[in-house]
Amino acid sequence: MLLVFGLSGCQALSGSDARPEIMGTGDLGLIVERATGSVLVINTSRHEVVGRVEGLGDLSHASVVYSRDARYGYVFGRDGGLTKVDLLSQSIVDRVIQSGNSIGGAISQDGRYVAVSNYEPGGVKVFDSQTLELVADVPATYTSGDGESGQSKTVGLVDAPGNLFVFSLFEAGEIWTLDMSDESADISRFEAGESPYDALITPDGRYYIAGLFGEDGLSLLDLWNPEQGVTEILPDYGKGEQKLPVYKMPHLEGWAIADGQAFVPAVGHHQVLMADMKDWSLTDRIPVQGQPVFVMASPDNRQIWVSFAHPDNDVVQVIDSQTREIVRTLEPGEAVLHMEFTPRGEEVWISARDSNQVTIYNTRTLEPVATVSAEKPSGIFFTSRAHALGL
């Protein structure tokens, strides 16, 4: 007799019974199918779809974070929906509509809380990751220069060490930290510059950097020394140049660090900017074929992969981080939306919305090795994100 231990305890199987497949979550992930309100559960080792989960609402700008055990994905929908998905059973565990329009979220360092960033009515809401019960409601209220009060869109929400959530207020031009280390949910506010539109946090959790739509430059908050306030970095990077119409805002959460340099997309320019991480000074500008949206480093930091806004969004360019030269221009399909590296970086998965496919490339040869069919795919999120800050 064979004993199989599962979630519900011990089960006896006779010799003729089929052994159930036992699956870990380390090589699983979710692909967002933005037009159908569904996600694909995929296996990165096998290059295959494990299952589809439907009924997740408006996923036109969806993102995902994972529980500490990498079993559950928390999907943030544009319709304000927060959905908890079980990757092993390929099913919805729970779902709440928590706002009218949301724009991403984060999970706390200890995994206890899931925070959602909202456009309408603005502000951030924090939920218990087990039950999806509301724990904290943080309206992003501010007072303008003429004395009128309002509630701001919140963007660039990330998790940080110490059970902090950090986010930016678009209309208010501020960066806030929300301390969830105890029940007080303390908030600290910092002036950030004009119209922060997105943000990132360095892999060590020290620096939070917000891009500014209203001016050239970025705002940096040192979370080790927050009393120093916000510092402006890369000021006037577009001085003397004509800014082009912005068809799609860059996404800073996919930024790249390699060889002591930070690579970030320039708003309204066909450039990738390089900054020295010792003092955050501008060290170089790399010309690229269009307006960058995602600028991402491979896990070994040898390559920088760049995707683009319309009308140049059918290609991806690969930059050598040492020579700073473009080594390959790839054509994964029509309307490239997102890229995700496998945990050790041997492959990268690239979604092409209008081609209804995800193309998988070998990062050494830069050649395609497989494709996965998907309905209007956008974001790709592997469970390795469960063990990294700010993702």
Side-chain angles (χ1 to χ4, degrees), residues 31-32 34-35 59-64 76 78 103-104 117 119 155-158 168 170 195-201 209-214 216-218 234 237-238 243-258 262-275 285-298 303-319 321 326 328-341 348-355 357-359 361 374 376-381 385 390-391:
I31 296 175
V32 174
R34 58 183 288 147
L59 300 184
S60 58
H61 196 288
S63 59
V64 181
F76 307 101
R78 194 59 184 263
I103 194 73
S117 178
Y119 270 13
V155 295
L157 173 64
V158 300
S168 297
F170 182 81
S195 303
Y197 66 87
D198 197 10
L200 54 89
I201 192 168
I209 301 173
L212 303 176
F213 186 62
D216 286 343
L218 299 95
L234 304 184
Y237 63 75
K243 183 175 289 190
L244 301 172
V246 178
Y247 297 106
K248 183 176 178 63
M249 295 302 293
H251 285 249
L252 295 183
E253 68 267 21
W255 80 319
I257 297 176
F263 296 76
V264 295
V267 179
H269 301 282
H270 293 187
Q271 296 176 345
V272 172
L273 307 177
M274 288 181 56
R285 307 164 186 258
I286 303 173
V288 289
Q289 70 139 30
Q291 294 183 18
V293 175
F294 282 100
V295 176
M296 303 176 69
S298 56
Q303 300 167 339
I304 310 300
W305 291 61
V306 185
S307 66
F308 300 95
H310 177 83
D312 304 301
N313 59 343
D314 294 346
V315 303
V316 169
Q317 292 191 306
V318 184
I319 299 170
S321 64
I326 296 171
R328 189 75 63 90
T329 297
L330 306 172
E331 298 180 359
E334 299 179 10
V336 170
L337 291 187
H338 198 222
M339 302 177 287
E340 182 86 333
F341 291 93
V348 61
W349 293 44
I350 303 178
S351 63
R353 180 194 63 204
D354 295 349
S355 294
Q357 72 179 23
V358 173
T359 303
Y361 286 89
K376 304 297 181 186
S378 54
I380 305 172
F381 305 92
R385 289 171 171 254
L391 295 177

**Q** With Ala35, which residues qualify under side chain to side chain contact (heavy atoms under 4.5 Å, CB included), at least two apart?
**A** Lys376

**Q** Under the salt bridge (charged side-chain N to carboxylate O under 4.0 Å, His left out) test, which residues partner Arg78, sequence neighbours left out?
**A** none

**Q** Under a 4.5 Å cut-off applied to non-hydrogen side-chain atoms, are Leu234 and Val264 in contact?
**A** yes

**Q** Before giving the answer on side chain to side chain contact (heavy atoms under 4.5 Å, CB included), spell out for Ile304 and Val295 the whole-Å C-alpha distance, their side-chain angles and the decisive distance to 0.1 Å.
**A** CA-CA 7 Å; Ile304 310 300; Val295 176; 3.6 Å; yes

**Q** Within this structure, what is the CD1-OG distance for the pair Ile103 and Ser63, rounded to the nearest 0.5 Å?
**A** 8.0 Å

**Q** Tell me, do Tyr361 and Val316 make a side-chain contact under 4.5 Å, heavy atoms counted?
**A** no

**Q** Taking all non-hydrogen atoms of both residues, which atom of Ser117 and which atom of Leu157 are closest, and how far apart?
**A** N-CD2, 3.7 Å

**Q** Give a yes or no on whether Glu331 atom CD has more than 12 heavy-atom contacts from other residues, nucleotides or ligands under 6.0 Å away.
**A** no

**Q** Quick one, Arg34 and Leu337 - any side-chain contact, counting heavy atoms below 4.5 Å?
**A** yes

**Q** Working to the nearest 0.5 angstrom, can you tell me the gap between Glu334 CD and Arg353 CZ?
**A** 9.5 Å

**Q** Output yes when a side-chain donor or acceptor of Gln357 lies under 3.5 Å from a complementary backbone atom of Pro332, and no otherwise.
**A** yes

**Q** Considering non-hydrogen atoms only, spot the tightest contact between Val272 and Pro292 and give its length.
**A** CG2-CG, 4.3 Å

**Q** Kindly write out the residues that satisfy side chain to side chain donor-acceptor pair (under 3.5 Å) with Ser378, not counting sequence neighbours, or none if the list is empty.
**A** none

**Q** Side-chain contact, heavy-atom cut-off 4.5 Å: Val336 with Phe308?
**A** no

**Q** Looking at every heavy atom in both Ile380 and Ser351, which two are closest together, and how far apart are they?
**A** CD1-N, 3.7 Å

**Q** Does Arg385 have any side chain to side chain donor-acceptor pair (under 3.5 Å) partners at least two apart in sequence or in another chain, and if so, which?
**A** Glu340

**Q** Which residues pass the side chain to side chain donor-acceptor pair (under 3.5 Å) test with Ser307, not counting sequence neighbours?
**A** none

**Q** How long is the span from the CG atom in Leu218 to the CG atom in Asp198, to the nearest 0.5 Å?
**A** 10.5 Å

**Q** Donor-acceptor pair, Gln317 side chain versus Val288 backbone, under 3.5 Å?
**A** no

**Q** Taking side chain to side chain donor-acceptor pair (under 3.5 Å) as the test, write out the residues that go with Trp305, two or more places apart.
**A** Gln303

**Q** Just so I know, are the side chains of Asp312 and Gln291 near enough to count as touching, which here means a heavy-atom distance under 4.5 Å?
**A** no

**Q** Taking atom CG of Asn313 and atom CD of Gln289, what is their separation to the nearest 0.5 Å?
**A** 9.0 Å

**Q** What distance do Leu200 atom CG and Ile209 atom CD1 have between them, rounded to the nearest 0.5 Å?
**A** 5.0 Å

**Q** How long is the span from the CZ atom in Phe341 to the CD1 atom in Ile350, to the nearest 0.5 Å?
**A** 8.0 Å

**Q** Determine the minimum heavy-atom distance between Val293 and Ala309, stating which atoms define it.
**A** CG2-N, 3.4 Å

**Q** Which pair of non-hydrogen atoms, one from Ile31 and one from Pro377, has the smallest distance, and what is that distance?
**A** CG2-CB, 4.0 Å

**Q** Please tell me if the side chains of Val155 and Tyr197 come closer than 4.5 Å, counting only heavy atoms from C-beta onward.
**A** no

**Q** Over all heavy atoms of both residues, which pair between Ser195 and Gly214 is shortest? Give the atoms and the distance, please.
**A** CB-N, 3.8 Å

